[in-house]
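Worksheet: one structure, shown below.
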2 protein chains.
Amino acid sequence: MKAIEITQAWNGTEKCQQCPIRDLVLFADLKEDDFRLLHLPINDLELDKGSILYEQKDEINFVYTIRSGLVKLVRYLPNGSYRIIRLLRQGDLAGIEALNGSAYLHHAIAMQSTSVCQIPVKNIEQLNSHSSHLYRQLTARWQKVQSEADIWLADLTMGSSRSRVANLLIYLADSRPDESFYLPSREDIGALLAITTETASRIIAEFKRAGALNTLRHTAKIDKIKLRHFQQKGD
Amino acid sequence: MKAIEITQAWNGTEKCQQCPIRDLVLFADLKEDDFRLLHLPINDLELDKGSILYEQKDEINFVYTIRSGLVKLVRYLPNGSYRIIRLLRQGDLAGIEALNGSAYLHHAIAMQSTSVCQIPVKNIEQLNSHSSHLYRQLTARWQKVQSEADIWLADLTMGSSRSRVANLLIYLADSRPDESFYLPSREDIGALLAITTETASRIIAEFKRAGALNTLRHTAKIDKIKLRHFQQKGD
DNA sequence: CGGATCGTTGACAGGTATCAATGCTGGTGG
DNA sequence: CCACCAGCATTGATACCTGTCAACGATCCG
């Protein structure tokens, strides 16, 4: 049994060391010695659209690195409504609050097919007590989350609904080689921008008619030039 | 000259070890040995209302701990408008982005008389290379910022203006012994909640008329019971 | 094919921004 | 000490935007 665990751990770390997005992930600058400290297996998970990584009240055991796909962090409010707090993409961490806090702060749900690495919290704690490499990555990642949240707050919660939707589309298309991206449902767009589904639908439809947005199923492309006309209110 | 600097450093650390809010601040669980590593002076600054701690483009040299008062983090947008991204209060850190990034992400401005500790970034870096105590505090603080930003996003950027203002007032009054607090200018309230100054003014005036809010100059107290009627839209 | 879910569109009411005018207050200098 | 000024706060009128309620069309999947 122990042998199996060790083997799994080694598989895990082997995979980590060969990881194609290694420079993006939490373990970016771990040394070989550090990898020997990983005693629990790191699992690869493939998630279908709608799968739940964790829920707010779940017991805390894992942190997740997004390898590909898109994950939404959802917070339910006392009155029953909810809001999408943030989107996570390749290289982002989900559930880091597990390292300091006592419970997950959101529900994490895959918005499309998504693959993640599931990292036991105990691994992180063990590494942290032996090396400061990981702490550096953790603080760096936290800062990234924070600065992106700030930009989010500035771009996606002010101005008219039209400009907020335009900014969201630009954000989604951003850092995509061919600029094609997954267009969320109208309800999700509403929950992201604090507008109603109907308003989201009207605006998306308007963008399509204006030729600023083209969709095939849930895959979308934007015409950035045309879309910019909607970024600021009025024109 | 060197002697003076060392003396100053010792003054600084002496003060830190006796700091009345030490359990709240970054250096909470440093040991005596750690304090010996601080070679640059930590200064106490008293800031008047409107003073600027740092600006977005400033060179990065310091991190600040708020000892008392209120600081706003302001982000200017390309189109010239701006938004208050976050408020900082006792025990909060300003400018942590200086530790990983290359520039400050906001302007930090005192909203009332404020006292802060000015900590050279080099001190932090030095401590980090010798001990992981500080990293633990840093990650903990980052998480706090993040989770508060999330709540902020949920409470202060959705719903009617009336409920947003009500939530802001409750947030400001929160964790105050006598629940009396500094009431920001209508313009600042607008920048905090992404509403216009006129709307902010109308709602504040309405709350006053309803007896849910009392002010004397810029000092305010709320009647939480009455204010709750405004939290949800409609009633 | 049919039902369920999601997206689109319309009509209307209420909320908010905008433009504009007036009242209020704190600070300054005579 | 007082008068005045500049900035802030309040209030009104109006147009526009968005939420709400409702109906209908499109798409997905069994």
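Just the heavy atoms: all of them, side chains too, but no hydrogens, waters or symmetry mates, feed the values below. Naming: A, B, ... by sequence-line order, numbering from 1 per chain. Everything numeric here is computed off the predicted structure, so don't read it as measured data.
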I'd like to check the salt bridge (charged side-chain N to carboxylate O under 4.0 Å, His left out) partners of K224(A); sequence neighbours left out, ordered by chain and number.
E179(A)
Angle, rounded to 10°, between the helical axes spanning five pairs at each terminus of the helix from dC1(C)-dG30(D) to dG30(C)-dC1(D)?
40°
Does D188(A) have any side-chain hydrogen bond (donor to acceptor under 3.5 Å, both in side chains) partners at least two apart in sequence or in another chain, and if so, which?
K72(A)
Tell me every residue that passes ring pair (Phe, Tyr, Trp, His ring centres under 6.0 Å) with Y82(B), counting only those two or more places apart in sequence or in another chain.
Y76(B)
Pairs of donor and acceptor atoms involving the side chains of residues 203-217 of chain B, under 3.5 Å and at least two apart or interchain, shall be tabulated with distances.
{"residue": "E206(B)", "atom": "OE1", "partner": "R162(B)", "partner atom": "NE", "Å": "3.1"}
{"residue": "E206(B)", "atom": "OE1", "partner": "R162(B)", "partner atom": "NH2", "Å": "3.3"}
{"residue": "E206(B)", "atom": "OE2", "partner": "R162(B)", "partner atom": "NE", "Å": "3.1"}

Return the polar atom pairs (N/O with N/O) between nucleotides 27-29 of chain D and the protein under 3.5 Å, or none.
{"residue": "dC28(D)", "atom": "OP1", "partner": "R217(A)", "partner atom": "NH1", "Å": "3.3"}

Give each protein N/O atom lying under 3.5 Å from an N/O atom of nucleotides 2-8 of chain C, with the pair distance.
{"residue": "dG7(C)", "atom": "OP2", "partner": "R186(A)", "partner atom": "N", "Å": "3.2"}
{"residue": "dT8(C)", "atom": "OP1", "partner": "K208(A)", "partner atom": "NZ", "Å": "2.8"}
{"residue": "dT8(C)", "atom": "OP2", "partner": "R186(A)", "partner atom": "NE", "Å": "2.8"}
{"residue": "dT8(C)", "atom": "OP2", "partner": "S201(A)", "partner atom": "OG", "Å": "3.1"}

Salt bridge (Lys or Arg N to Asp or Glu O under 4.0 Å): pairs with one or both residues in residues 49-65 of chain B, sequence neighbours excluded
E55(B)-K57(B)
Pairing residues for R186(A) by the salt bridge (charged side-chain N to carboxylate O under 4.0 Å, His left out) criterion, not counting sequence neighbours
none
What is the distance, rounded to the nearest whole Å, between atom CG of D48(B) and atom C1' of dG27(C)?
15 Å
Is any side-chain nitrogen or oxygen of T196(A) closer than 4.0 Å to OP1 or OP2 of dT18(D)?
no
Test side-chain hydrogen bond (donor to acceptor under 3.5 Å, both in side chains) applied to R75(A) - qualifying residues, sequence neighbours left out:
none
Output yes when a side-chain donor or acceptor of R164(A) lies under 3.5 Å from a complementary backbone atom of L193(A), and no otherwise.
yes
Presence of T199(B) side-chain N/O under 4.0 Å of dT16(C) phosphate oxygens OP1/OP2:
no
Just N and O in the side chain of S160(A): are any of them under 4.0 Å from OP1 or OP2 of dC17(D)?
no
Rounded to whole Å, CZ of F207(B) lies from C1' of dA9(D) at a distance of 16 Å
Among all residues two or more places apart in sequence or in another chain, which pass the ring pair (Phe, Tyr, Trp, His ring centres under 6.0 Å) test with F181(A)?
none
Checking the side chain of N43(B) only, and the main-chain atoms of L45(B) only, is there a donor and an acceptor separated by less than 3.5 Å?
no
Mind checking what makes side-chain contact (heavy atoms from CB on, under 4.5 Å) contact with E198(B), not counting sequence neighbours?
T196(B), R202(B)
